[in-house]
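Down below is the structure, laid out as structure tokens.
Just so it is clear: chains get the letters A, B, ... in the order the sequence lines come, proteins before strands, and each one is counted from 1.
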Amino acid sequence: MERRVPRGATAWQVLEGDHRGGRGDDAVVVARVGGDLRDLDAEVAEGDVVEAVTAGSPDGLAVLRHSAAHVLAQAVQAARPDARLGIGPPVTDGFYYDFDVEVPFTPEDLQGLQKAMGRIVKEGQRFRRRVVTEDEARAELADEPYKLELIGLKGPGGSGAGEEVAEGASVEVGGGELTIYENVRRDGSVAWRDLCRGPHAPSTKALGNAFALTRSAAAYWRGDQANAQLQRVYGTAWATKEGLTAYVERLAEAERRDHRRLGTELDLFSFPDEIGSGLAVFHPRGGVVRREMEDYSRRRHEESGYSFVTTPHITKKDLFETSGHLDWYADGMFPPMHLDEVRDADGTLRRQGQDYYLKPMNCPFHNLVYRSRGRSYRELPLRLFEFGTVYRYEKSGVVHGLTRVRGMTQDDAHIYCTREQMAAELGSLLDFVLGLLRDYGLDDFYLELSTRNPDKSIGSDADWEEATEALRHAAGTSGLELVPDPGGAAFYGPKISVQARDAIGRTWQMSTIQVDFQLPQRFELEYQAADGTRQRPVMIHRALFGSIERFFGVLLEHYAGAFPPWLAPVQVVGIPVAGDFAPHLHDVAARLRAQGVRVEVDDSDDRMQKKIRTHTKQKVPFLLIAGAEDVEKGAVSFRFRDGSQDNGVPVDEAVARVVEAVRTRAQV
RNA sequence: GCCAGCAUGGCGCAACUGGUAGCGCACCCGACUUGUAAUCGGGCGGUUGCGGGUUCGAGUCCCGCUGCUGGCUCCA
């Protein structure tokens, strides 16, 4: 809804006629005036195009959340007069505000703060915008050192524009004039104020009862580890109570799917404390899933012209000196084992020791395989594949389930090709990657192109440019959305990563494809060209799963534990209605087993209903139930995970159905 | 690495302000023999993550370590 306006009117006066009584998602929170978001009480100029922005729209929600952050900050400063303000922007699904406080917040504090926010919301405080000069702002915010810092960064002296002041700080100062937002009570007194660019909802009332504080955590000021650590309070806010409820339900669903929880419930893997942080063991059932994942991947790689290699887990440090890993990533590697040093009784060194490192990457080893003899152009592209286990010393605070571990197995391959082959190889590689991911059940992708970070890279501009363009071209032919990631590349070359959306809409970085001109140089890799000259190959690094552990975790969450039959640890469980019918099921099981199906017959003394419950909770895809009727007819009855049934299916057909589902990797 | 919180039998949880560990599931034994998500009865199992300290007495309070959780920073 757009309108042209008369002189001197506020945005709201322009919109009012059309939007009176808008509530919930339809409530108007701000206006878009000539493309910019403005407060509803902002004066608009003659001829301006004014558009209503509703609470339910993405912009409206962001404004609402930003306003919620102000209410939070007001509540915090009321409860903790010592609290100094950091920044408080809206984020996905909510907002946060950073505070410098003497004592960190406890969960109980959060409850109290949420109540206090409720009172502020009920009070219906008005958000009032006031333009200030830099001097005025400095005077008013003399007690807020962080705000002063932001003013300084943005101020006329500091050419803040365009520079990244701090993530989220743009909501405080932004471009243009400095403004302060005041929360004004009904009696006209000012309850609280904050340096803020705005815009804001007209009143705290707009938040209704559709907000909640979710957690508190520390965060570095301006995102820099060298800076002071502030206490961040996170909250969520929605246009309606229903929106909040749906969000809470979404979190609950994610919680139910959490691979760490499912890993325990389904007896797939564990992280024994004795081994150390971030190091998983896979139990028999998890082992089956892993093996199926790997076997299928191996087969597909074989069909696609890959050669298989195997390399050790540790190496003398020379290798990582050659590769440059020790220069770039020593911090992320496990410290060396110092071996073979010999000293005399008096301590004099008799023999120099050796440092051995656990490998954090497989590529240097593959380069040694390449270099083990002379190579001809006729061999290229040479594709070396390995399920290579690597160890990385992830910092203690970042280890997380299977998605961030210290020991993992990569489905790693390195492709050595000529420059001329590079573009075609990248194109077919991307097809291969996406096809394989689809076979595992992921089908919603976008691509990210990570380009050079000048401060953290080596190599010539021309090389980077050529590689980046080759990747961009490959991405273009895939037809998928391509999101730029400037500066996100590794030091040795640009990369494309495949991001997959899972069943509940979360995105995960899956495969990566990286072009590398550096390692071939460092390892002096060569091949003999058709004209007899020695040439340097290009190297492409690629992993589809990233790590098997991580991919396992992603699939586990994607399927909420209900793997398709080909991956399911147990594919079929036979459940006799009574003990007498167990032999019939054992016969059926034998026939399935002969076809390679993982099948069990539950002939324990549990009740049938209990067995159904047990194996349904274990997410077994096919339950085959048999009673007198089935035995007479030479049949079995299917029960599926969703509770649906298919009774009296002849055994031949039942076996064929299960085998077919496994063979086609269908979900049931 | 930083901040905060947490750690009780295989799993999920309980034990008021410090008074010497309890429940459900799982597991084992027995009875029951049943048509689509929990049959009944009995039993086993924990020196409360590890190490110190305070106290007449510590699951509970204090210190250190390990691990986990949520963030921040990082993620080749």
Side-chain angles (χ1 to χ4, degrees), chain A residues 96 98 101 103-110 167 214-234 258 260-261 264-265 267 270-279 320 323-325 327-333 360-363 390 392-401 403-405 410 450 456-457 488-493 495 509 512 514 516 519 541 543 546 550 575-582 603 605-618 623-630 637-641 643-648:
Chain A
Y96 66 79
D98 288 343
V101 283
V103 184
F105 300 104
T106 64
E108 296 73 50
D109 290 336
L110 255 51
E167 191 196 347
T214 48
R215 60 179 74 94
S216 66
Y220 299 106
W221 169 239
R222 296 177 59 204
D224 189 336
Q225 206 165 351
N227 288 342
Q229 203 162 44
L230 308 182
Q231 293 299 315
R232 175 171 297 180
V233 177
Y234 281 94
D258 190 307
R260 294 164 298 182
R261 168 204 276 254
T264 304
E265 286 176 1
D267 195 14
S270 60
F271 292 91
D273 293 353
E274 293 83 343
I275 300 179
S277 184
L279 298 165
F320 291 128
S323 68
H325 284 97
D327 291 340
W328 292 90
Y329 300 117
D331 287 350
M333 294 167 65
M361 285 186 94
N362 299 302
C363 34
V390 298
R392 299 180 178 180
Y393 188 72
E394 301 287 359
K395 287 188 290 183
S396 62
V398 307
V399 171
H400 178 92
T403 56
R404 195 80 181 269
V405 291
Q410 295 182 313
S450 301
K456 286 170 81 176
S457 58
F491 72 91
Y492 51 77
K495 77 171 176 202
Q509 178 178 316
T512 58
Q514 295 189 258
D516 185 351
L519 281 185
H541 305 242
R550 187 184 141 82
I575 299 177
V577 169
D580 289 347
F581 313 118
D603 47 15
D605 347 314
D606 280 335
R607 293 292 203 260
M608 176 194 62
Q609 289 86 338
K610 176 62 183 299
K611 294 178 184 179
I612 289 172
R613 177 184 156 84
T614 301
H615 299 107
T616 302
K617 284 183 72 175
Q618 284 295 306
L623 301 187
L624 294 185
I625 296 170
E629 292 172 32
D630 296 293
S637 295
F638 279 86
R639 181 190 162 100
F640 301 95
R641 289 181 288 216
S644 64
Q645 311 174 21
D646 197 352
N647 295 331

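As judged by a 4.0 angstrom heavy-atom cut-off over every strand, A:Ala219 is placed among residues touching the sugar-phosphate backbone only. In this structure, A:Gln609 reaches the sugar-phosphate backbone alone: every heavy-atom distance under 4.0 Å involves primed, P, OP1 or OP2 atoms, never a base. Looking at heavy-atom distances under 4.0 Å, A:Gln514 makes contact with sugar-phosphate atoms alone, never a base. Using a 4.0 Å heavy-atom criterion, one finds that A:Glu265 contacts no nucleic acid atom at all.
Set against B:G35, B:A76, B:U34, the side chain of A:Arg607 has B:U34 as its closest nucleotide. If you check B:G35, B:A76, B:A26 against the side chain of A:Asp630, the one that comes closest is B:G35. The side chain of A:Met361 has B:A76 as its nearest neighbour among B:A76, B:C75, B:U39. Across B:U36, B:U34, B:C68, the shortest atom-to-atom separation from the side chain of A:Ser637 is found for B:U36.
Here A:Asp258 pairs with A:Arg260 under the side chain to side chain donor-acceptor pair (under 3.5 Å) rule; sequence neighbours left out. With sequence neighbours excluded, no residue satisfies ring-ring contact (aromatic ring centres under 6.0 Å, His included) with A:His615. A:Phe638 pairs by the ring-ring contact (aromatic ring centres under 6.0 Å, His included) definition with A:Phe622, A:Phe640, not counting sequence neighbours. Shown here are the ring-ring contact (aromatic ring centres under 6.0 Å, His included) partners of A:Phe491, two or more places apart in sequence or in another chain: A:Trp328, A:Tyr329.
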Would you tabulate the pairs of protein nitrogen or oxygen atoms and nucleotide nitrogen or oxygen atoms of nucleotides 42-47 of chain B closer than 3.5 angstrom?
none

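With hydrogens and angles left out, the side chain of A:Arg639 and the base of B:A37 share a donor-acceptor pair within 3.5 Å.
Using modelled atom types and a 3.5 Å distance limit, the side chains of A:Asp516 and A:Gln514 yield no donor-acceptor pair.
A:Arg392 places no side-chain N or O within 3.5 Å of a backbone atom of A:Gly332 that could act as its donor or acceptor partner.
Helical stems of RNA chain B (runs of at least 3 Watson-Crick or G-U pairs, donor-acceptor distances under 3.5 Å) are listed by first residue: B:1-7 with B:66-72, B:10-13 with B:22-25, B:27-31 with B:39-43, B:49-53 with B:61-65.
For the pair A:Lys617 and A:Tyr329, nearest-nucleotide mapping onto RNA chain B gives the more 5' position to A:Lys617. Each of A:Arg260 and A:Thr616 lies near RNA chain B, and the nucleotide nearest A:Thr616 is the one positioned closer to the 5' end.
When the side-chain nitrogen and oxygen atoms of A:His400 are compared with OP1 and OP2 of B:G70, one or more of them lie within a distance under 4.0 Å. Checking the phosphate oxygens (OP1, OP2) of B:U33, no side-chain nitrogen or oxygen of A:Lys610 falls inside 4.0 Å. The shortest distance between the side-chain N/O atoms of A:Thr264 and the OP1/OP2 oxygens of B:C11 is not below 4.0 Å. OP1 or OP2 of B:C72 has at least one side-chain nitrogen or oxygen of A:Tyr234 nearer than 4.0 Å.
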